[in-house]
Peer 1: 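Take this structure, written in structure tokens, and hold onto it; I'll ask about it next.
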Amino acid sequence: MLPPLMYAACVDTLSRLARTARKDDGSPAVLELHFADEEGDPYAVELAARLGGYVVGKDSDFVVLNADGYAGYIPLDEMVWTAVSAVPSPVDQGDEDGFQTVVNSKAKKKAAASQRAGVGRGIIPPDDPLDLQLTVTTYSPIDLAAHLQIPPSLLPLVGALVGNDFTGNRDPSSLSTAGQTNLQWLFFER
């Protein structure tokens with residue numbers, strides 16, 4: 001839940017940046033603002049497809065939404081800033097199909113270790129702007145569809161079956177909650 005007036009403050013700040021942004025040589029920089037009239041996810045994917053780019057955010061629905069030209073989804077939580085001098089050896093890139101196993105560990109220990117190694121998370125870089133490297137994880141709907149051996153047009157159906165913004169979190173201890181069937185638990189065990 002956003003604090004009161006947070007949305008208005010962000011829109012005002014972005015509008016001012018769009019009017020006054022300048023390149024290093026003093027010429028005007030191009031910063032365009034786009035607003036969705038309704039649900040923003042499909043609009044963001046459509047815009048990214050037109051630009052041949054990615055959507056950066058915190059909503060895993062962007063993994064199953066797709067359009068021609070859409071490069072994929074970059075989760076904000078998986079963006080990592082690292083001091084170049086502290087960059088470890090290359091990370092395991094996963095299987096030959098491009099997917100990697102995710103291991104869930106204690107977040108506090110991981111965050112503390114990251115801070116000691118000169119690492120910052122998120123889109124805002126750490127205070128030391130010199131010799132930084134941004135590492136991101138990208139998720140491509142085309143790669144996901146190929147991995148699941150289904151057409152990309154069926155990915156939104158997979159999202160609906162697995163769970164998304166429209167399938168609420170219900171008590172996993174039963175297949176039914178308040179008279180409604182929990183479809184996720186009919187298809188997938190814990």
Peer 1: Closest heavy-atom contact between A67 and A49?
Peer 2: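 Residues A67 and A49, closest heavy atoms: CB-CB, 3.7 Å.
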
Peer 1: With rounding to the nearest 0.5 Å, note down the distance linking CD in E46 to CG in D68.
Peer 2: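 Answer rounded to 0.5 Å: 11.5 Å.
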
Peer 1: Would V136 end up clustered with W81 when hydrophobic side chains under 4.5 Å apart are linked, directly or stepwise?
Peer 2: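 They do share one cluster, since a chain of ILVMFWY contacts under 4.5 Å joins V136 to W81.
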
Peer 1: Find out if a path of hydrophobic residues (ILVMFWY) with successive side-chain heavy-atom gaps under 4.5 Å connects L154 to L148.
Peer 2: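 Result: yes, single cluster for both.
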
Peer 1: Identify whether V55 and Y43 are in the same connected component of the hydrophobic contact network (ILVMFWY, side-chain heavy atoms under 4.5 Å).
Peer 2: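 Looking at the clustering, Y43 is in a separate group from V55.
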
Peer 1: Minimum heavy-atom separation for P152 to P156, with atom names?
Peer 2: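 Closest heavy-atom pair between P152 and P156: O-CD, 4.0 Å.
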
Peer 1: Tell me whether L47 shares a hydrophobic cluster with V45, the cluster being built from Ile, Leu, Val, Met, Phe, Trp, Tyr side chains joined at under 4.5 Å.
Peer 2: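 Per the 4.5 Å side-chain linkage, L47 and V45 are not co-clustered.
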
Peer 1: Restricting to non-hydrogen atoms, name the atom on P141 and the atom on G72 that form the minimum distance, rounded to 0.1 Å.
Peer 2: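 So the two residues come closest at CD-CA, 3.8 Å.
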
Peer 1: Show me, pair by pair, the donor-acceptor contacts under 3.5 angstrom made by side chains of residues 4-13, not counting sequence neighbours?
Peer 2:
from : atom 1 : to  : atom 2 : distance (Å)
D12  : OD2    : R16 : NE     : 3.4
D12  : OD2    : R16 : NH2    : 2.4
T13  : OG1    : A9  : O      : 2.8

Peer 1: Quick one: are Y70 and F62 in side-chain contact, heavy atoms under 4.5 Å?
Peer 2: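 They are in side-chain contact.
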
Peer 1: Given side chains that start at C-beta, do those of P75 and Y139 come closer than 4.5 Å, heavy atoms only?
Peer 2: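 In contact.
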
Peer 1: Does a side-chain heavy-atom distance below 4.5 Å link L65 with L155?
Peer 2: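 They are not in contact (no side-chain heavy atoms under 4.5 Å apart), so the answer is no.
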
Peer 1: Honestly curious: do I142 and V64 fall in one hydrophobic cluster under the side-chain, below-4.5 Å linking rule?
Peer 2: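 Shared cluster, no.
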
Peer 1: Drop me the distance from D59's CG to Y73's OH, to the nearest 0.5 angstrom.
Peer 2: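 Answer rounded to 0.5 Å: 6.5 Å.
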
